[in-house]
Amino acid sequence: MRKVLIAASLIALAACTPKSEEDRFVDELMSRMTIREKLGQTNHPAVPSEIITGNEKCEGVLESIRKGEVGAILNSPGLEANMEYQRLAVEESRLGIPLLIGYDVIHGHKTVFPIPLGLAATWDPGIVEGAARICAEEASADGINWTYNPMVDIARDPRWGRCAEGSGEDPFLSSALAAAYVRGYQGKLESDSEILACVKHFAIYGASESGRDYRETDMSPHRMYNDYFPPYKAAVDAGVASVMSSFNDVNGMPATANKWLLTNVLRDEWGFDGFIVSDYNSVGELSRHGLGDSGQVSVAALDAGLDMDMVTAGLLKYGEKALADGKISMKQVDRACRRILKAKYRLGLFADPYKFLEKSRPSERQFTPEHRAAAKVAAEQSFVLLKNSGILPLEEVGTIALVGPLADAGNQYPGCWTSAASRSHPSLLDAFRAEKGLNVLFARGSNAIEDKGLEKSISGDYPYPRDSRPAGVLIKEAVAAARKADVVVAAVGELAYASGESASATSLDIPECQKKLLRALKETGKPIVMVLFNGRPMSITEEDGSMDAILDVWFGGSEAGEAIRDVLLGRSNPSGKITMTFPRNVGQVPIYYGMKKVAREAPAGHGFWRYNSNWTDSPTDPLYPFGYGLSYTSFEYENPVLSSASMAKDGSVTLSVTVRNSGSRDGAETVQVYIHDIRTEGYTRPVKELKAFRKVFLKAGESRIVEFEITPDMLSWYDVDQYNLRGSSKPLHAEKSLQSGDFEILVGPNSRDTLEPLLLELI
Ligand code: BGC
């Protein structure tokens with residue numbers, strides 16, 4: 001009885017709560033819209049003759065805009081075209097509803113930052129937020145008011161090429177960066193450079209089977225909530241305006257028609273109030289998953305909670321009939337339309353549809369010296385020193401032999417997703433040559449890969465400058481240069497589009513033609529610094545053994561050439577740390593630091609041991625662990641202490657550790673805190689979970705006590721009722737659980753080399 005009374009009074013309260021100005025505006029507008037115009041808001045075509053990422057093209061878009069049957073357009077990076085699209089919508093359609101103008105601004109627009117996996121290696125949310133801010137400023141100057149970023153899919157399988165677009169394997173770090181991206185793009189959504197963000201790809205797209213893009217995923221909800229959902233939720237908590245549903249099948253239901261994901265989790269549990277857009281034709285592709293014809297799948301997607309359909313135009317085509325047949329309700333159509341109109345209102349488009357369309361802006365706001373300087377700092381900080389026998393930095397070097405297929409291919413440095421940017425940026429060779437007093441001999445030594453056909457499709461819009469002479473001749477030339485030099489710098493690795501969408505791979509090795517070059521160089525006896533270009537963790541076990549130093553530079557963006565040079569020459573001290581585990585070989589995949597404890601764990605370093613969890617032909621530990629990266633200086637961790645050995649469930653304790661720069665150079669170190677929940681009721685927990693990190697800059701010889709507050713939230717995890725997957729009538733339930741008991745608190749420079757654990761009892 002009491003419940004009924006409370007419910008009744010809530011309804012009464014809602015009825016007399018005054019409507020916001022936004023709601024009144026949208027109500028009034030919707031009262032004038034026809035059904036077709038409402039369905040039109042859900043329609044998100046790609047505009048003709050621009051870059052497209054799928055196989056479907058949209059016809060008659062201009063005419064549809066005039067008819068008021070388009071809510072948003074995709075893939076128009078230029079200001080003039082965008083002005084015209086917006087003019088058509090505002091001045092020629094009946095109600096003049098402005099368009100959202102969406103574009104994949106992923107890690108740069110004109111100024112290009114490192115690929116997101118590289119940006120993550122900075123472990124610096126400030127750098128990530130700053131990069132997103134600049135991306136938004138540059139893109140908005142071209143009239144783009146919505147970006148399909150951040151991509152926050154947890155990736156633990158480097159065969160999956162799209163790991164380049166995300167922040168790596170860890171839920172905590174990825175969550176911190178997801179929020180930073182959203183803050184950077186959206187700000188307060190007030191100024192003419194703050195644009196809508198879109199977190200993607202919801203959900204668990206990064207776990208596609210065998211690392212093959214678009215494949216199904218099947219995962220326990222327990223793992224989803226604890227390991228894969230957190231970054232999406234962090235973006236929602238940070239106020240992201242839109243969410244993109246993913247292509248993949250999730251536990252038997254493609255995400256785009258998955259009501260549990262789109263409604264129960266996203267709306268009901270997380271309170272997301274923005275709009276949900278499909279991925280490129282992912283509504284249409286539901287038919288290929290076997291969910292019915294175009295009409296049926298459009299109905300299924302709307303019913304699941306999708307609001308906007310990228311490319312398929314399903315509701316526009318079939319919505320009226322589906323309404324007439326009672327397959328969908330007007331309430332559902334209104335709900336989707338309302339969410340899209342609200343986003344436009346929030347963005348300020350109704351107040352000024354031309355807010356982002358100002359002719360003078362591109363030249364003032366794009367590729368400015370300030371933006372390029374920020375991109376260079378980001379690039380330098382993203383580089384990870386994986387090995388150094390002491391040869392780096394190259395400070396008093398005589399002659400350098402610069403070799404390798406990526407030494408002069410500056411057009412590859414922007415990486416796999418910056419379609420609006422120019423790709424003619426200085427290469428490492430250009431940067432070295434611009435350096436007075438540096439003696440550089442160049443010989444490419446090898447092409448990037450042997451297969452010319454494949455080379456074309458993985459070198460992007462600007463083809464790789466192939467050398468057509470026989471491989472043996474190229475190697476000979478490089479060896480001759482090496483013989484004349486004091487040190488060899490070998491720029492090797494992948495081409496830009498060897499990672500990214502659909503670029504899955506079964507080998508993580510450096511291509512064989514490049515390996516041959518490295519082996520020949522090794523025979524000269526000269527010290528070799530390997531500069532590795534990559535969009536994913538690579539298995540470089542052989543090179544780890546043979547090279548004198550390895551610097552991972554990802555695809556570092558428009559300023560990468562000079563950034564690499566400056567790090568090699570010691571003007572900048574590398575501080576990046578990897579955010580995805582580097583396996584020894586592809587057979588170890590998936591391998592990540594946050595695995596569960598195995599009862600029959602074979603100790604690392606032990607050979608094959610029957611009836612234990614290991615491999616006959618490979619060690620079990622990775623080549624480089626998550627969080628790993630060296631510096632030109634060294635850091636010591638000393639005296640870790642907890643302020644108390646026990647903690648109440650509503651209390652906190654302080655962890656402190658002294659970090660000392662024990663080398664002779666200034667440098668930055670990212671201090672990492674992990675926990676291990678030793679004993680739980682119900683479910684098991686990983687051996688280590690990152691829960692805090694801080695990047696500290698220490699002068700040579702300087703010591704600092706670094707403190708972290710250990711809070712109950714860090715010790716809690718989602719306790720999920722795993723076995724109620726089916727119905728929205730009784731949806732699967734997930735709550736954070738905080739269980740008393742013992743925890744290990746671990747601190748250190750990476751996920752492997754943590755100090756002796758400190759015991760904390762939660763009471
Ligand atoms: C990708 C998305 C992207 C969309 C629009 C799709 O193929 O999966 O990440 O935002 O295309 O270009």
Side-chain angles (χ1 to χ4, degrees), residues 43-58 61 71-77 100-109 115-117 132 135 139 144-155 160-167 178 181 185 195-208 211-217 231-232 235 240-250 254-256 275-286 288-289 306 308-313 415-421 457 460-461 497 499-504 535:
N43 181 25
H44 180 19
V47 290
S49 75
E50 302 277 5
I51 308 128
I52 55 164
T53 49
N55 297 321
E56 312 298 320
K57 292 195 179 150
C58 304
V61 182
I73 55 163
L74 154 81
N75 276 348
S76 172
L100 290 179
I101 299 178
Y103 199 72
D104 286 289
V105 186
I106 308 295
H107 55 108
H109 188 62
I115 56 166
L117 192 60
C135 291
I144 291 157
N145 54 34
W146 181 28
T147 174
Y148 313 113
N149 210 38
M151 186 287 219
V152 303
D153 302 316
I154 292 295
W160 188 58
R162 297 201 82 169
C163 62
E165 295 172 49
S167 295
Y181 276 110
Y185 289 125
I195 64 176
L196 302 181
C198 179
V199 67
K200 68 188 189 186
H201 307 82
F202 193 66
I204 68 168
Y205 179 46
S208 60
R212 240 173 90 195
D213 211 357
Y214 317 124
R215 291 220 67 83
E216 69 265 39
T217 51
Y232 307 113
V240 74
S242 61
V243 172
M244 186 185 289
S245 70
S246 54
F247 288 121
N248 53 305
D249 182 317
V250 179
T256 299
F275 69 99
I276 308 176
V277 62
S278 74
D279 202 342
Y280 199 105
N281 196 35
S282 70
V283 173
E285 289 178 12
L286 292 172
R288 293 183 215 152
H289 284 278
L306 193 89
M308 186 182 265
D309 171 342
M310 188 189 284
V311 169
T312 316
C416 63
W417 209 332
T418 51
S419 2
S457 53
D461 311 324
Y497 285 77
S499 54
E501 186 166 353
S502 84
S504 299

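Here the structure is a predicted model, which is why all the values come from computation and not from measurement. One-based numbering, in listed order, for ligands and for the atoms of each.
- At a 4.0 Å cut-off, at least one heavy atom of Met244 sits close enough to ligand 1 to count as contact.
- In this structure, Glu165 does not count as a contact residue of ligand 1, since none of its heavy atoms falls inside 4.0 Å of the ligand.
- In this structure, Trp417 is part of the shell of residues with a heavy atom less than 4.0 angstrom from ligand 1.
- Between Ser167 and Tyr181, the shortest heavy-atom distance links the atoms OG-CE1, 4.4 Å.
- For Trp417 and Tyr148, the gap between ring centers reaches or exceeds 6.0 Å.
- Remark: ligand 1 and Tyr280 share no N or O pair separated by less than 3.5 Å (distance only, no angle test).
- Taking only nitrogen or oxygen atoms, main chain and side chain alike, Lys200 reaches within less than 3.5 Å of ligand 1.
- The contact set between ligand 1 and Tyr148, taken as ligand atoms under 4.0 Å from a residue heavy atom, comprises 10 (O).
- Heavy-atom proximity to Asp279, at under 4.0 Å, picks out these atoms of ligand 1: 1 (C), 2 (C), 3 (C), 4 (C), 6 (C), 7 (O), 8 (O), 11 (O).
- For a threshold of 3.5 Å applied to N or O pairs, the pair formed by Arg162 and ligand 1 contains at least one separation below that value.
- Heavy atoms only, all atoms of each residue included: His201 and Ser246 are closest at CB-CB, 3.4 Å.
- Of all atoms in ligand 1, numbered sequentially from 1 with element shown, those under 4.0 Å from a heavy atom of His201 are 2 (C), 8 (O), 9 (O).
- Exactly one residue among Asp213, Asn248, Asp153 makes a side-chain hydrogen bond (donor to acceptor under 3.5 Å, both in side chains) with Tyr205. That residue is Asp213.
- To the nearest 0.5 angstrom, Asp279 atom CG is 11.0 Å from Asp309 atom CG.
- Closest non-hydrogen pair, Arg215 versus Ser208, comes out as O-CB, 3.5 Å.
- Residue Val47 comes nearest to Val61 through the heavy atom pair CG1-CG1, 4.4 Å, listed as atom of the first residue, atom of the second, then distance.
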